Amino acid sequence: MQVTDVRIRKIAKEGKMKAIVSITLDEEFVIHDIKVIEGEKGLFIAMPSRRAGDGEYRDIAHPINSNTREKVQNIILEKYAAVLDEESPQENE
């Protein structure tokens, strides 16, 4: 499985959620609404989730193992950092 596209939508308002991301896998399957969140130990991703009848949130789509989760998270966070880097020079003009 390869992540073949990453689309970042930055969140302008203040708060822990920094961006909403969509990824494409193998140019055939898209996962929307992955969140980039700033936690106490740095940035991490949260997979799309829905609130269940008992009030708990449950992931709608997620990696099955930790290696795949880490791979997806690294790709998303690298792309997010690149988006921030692209915007930095414009802010200094």
Side-chain angles (χ1 to χ4, degrees):
M1 176 197 76
Q2 296 296 316
V3 176
T4 53
D5 190 31
V6 178
R7 299 188 184 226
I8 307 279
R9 292 176 304 195
K10 283 185 44 189
I11 303 295
K13 64 182 181 178
E14 291 293 318
K16 293 183 182 280
M17 187 164 49
K18 301 301 180 187
I20 302 290
V21 179
S22 296
I23 62 171
T24 304
L25 305 174
D26 295 330
E27 297 182 4
E28 295 179 353
F29 190 84
V30 176
I31 301 172
H32 296 291
D33 297 333
I34 300 171
K35 298 165 195 72
V36 175
I37 299 174
E38 183 154 14
E40 293 178 9
K41 297 179 182 177
L43 295 172
F44 67 94
I45 64 167
M47 297 305 288
S49 60
R50 179 172 292 154
R51 192 175 202 160
D54 61 4
E56 294 288 320
Y57 283 90
R58 299 219 172 44
D59 287 350
I60 296 169
H62 59 89
I64 292 175
N65 60 55
S66 59
N67 287 340
T68 303
R69 175 177 283 278
E70 186 175 330
K71 177 180 173 183
V72 170
Q73 179 167 286
N74 289 342
I75 290 167
I76 289 172
L77 294 180
E78 285 172 11
K79 178 71 172 183
Y80 178 71
V83 167
L84 292 180
D85 287 346
E86 289 173 6
E87 292 179 352
S88 293
Q90 295 172 357
E91 293 174 1
N92 294 333
E93 290 179 2

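This is a predicted model, so every value here is computed, not measured.
Counting heavy atoms from C-beta on, the side chains of Ile75 and Val6 come closer than 4.5 Å. Side-chain contact check for Pro63 versus Met47: some heavy-atom pair is nearer than 4.5 Å.
Thr24 pairs by the side chain to side chain donor-acceptor pair (under 3.5 Å) definition with nothing, not counting sequence neighbours. Every residue two or more places apart in sequence or in another chain was checked for a side chain to side chain donor-acceptor pair (under 3.5 Å) with Arg9, and none qualifies. When the side chain to side chain donor-acceptor pair (under 3.5 Å) test is applied to Asn67, no partner is found at least two apart in sequence or on another chain.
For the pair Lys79 and Ile8, the tightest heavy-atom approach, listed with the atom from each and the gap, is CG-CG1, 3.7 Å. Nearest heavy atoms, Leu25 versus Thr4: C-OG1, 4.0 Å.
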Using a 3.5 Å cut-off and no angle test, enumerate the donor-acceptor pairs between side-chain atoms of residues 11-20 and protein atoms at least two apart in sequence or in another chain.
unit_1	atom_1	unit_2	atom_2	d
Lys18	NZ	Gly15	O	2.9

Less than 3.5 Å apart, which donor and acceptor atoms pair up between the side chains of residues 48-58 and the rest of the protein, not counting sequence neighbours?
unit_1	atom_1	unit_2	atom_2	d
Arg51	NE	Gly55	O	3.4
Asp54	OD1	Glu56	N	3.0
Asp54	OD1	Arg58	NH1	3.3
Asp54	OD2	Arg58	NH2	3.0

Counting only pairs under 3.5 Å, give me each side-chain donor-acceptor contact of residues 27-34, with atom names and distances, residues two or more places apart or in other chains.
unit_1	atom_1	unit_2	atom_2	d
His32	ND1	Ser22	OG	2.7

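By the 4.5 Å side-chain criterion applied to Ile, Leu, Val, Met, Phe, Trp and Tyr, Phe44 is assigned to a cluster that also includes Ile37. Its side chain outside the 4.5 Å cluster rule for every partner, Ile64 clusters with none of the Ile, Leu, Val, Met, Phe, Trp and Tyr residues.
In the hydrophobic clustering of this structure, Ile60 does not group with Val72; members are Ile, Leu, Val, Met, Phe, Trp, Tyr whose side-chain heavy atoms approach within less than 4.5 Å, directly or through other members.
Counting only residues at least two apart or on different chains, the salt bridge (Lys or Arg N to Asp or Glu O under 4.0 Å) pairs with a member in residues 59-77 are Asp59-Arg69.
With rounding to the nearest 0.5 Å, the separation of CD1 in Ile45 from CD1 in Ile76 is 4.0 Å.
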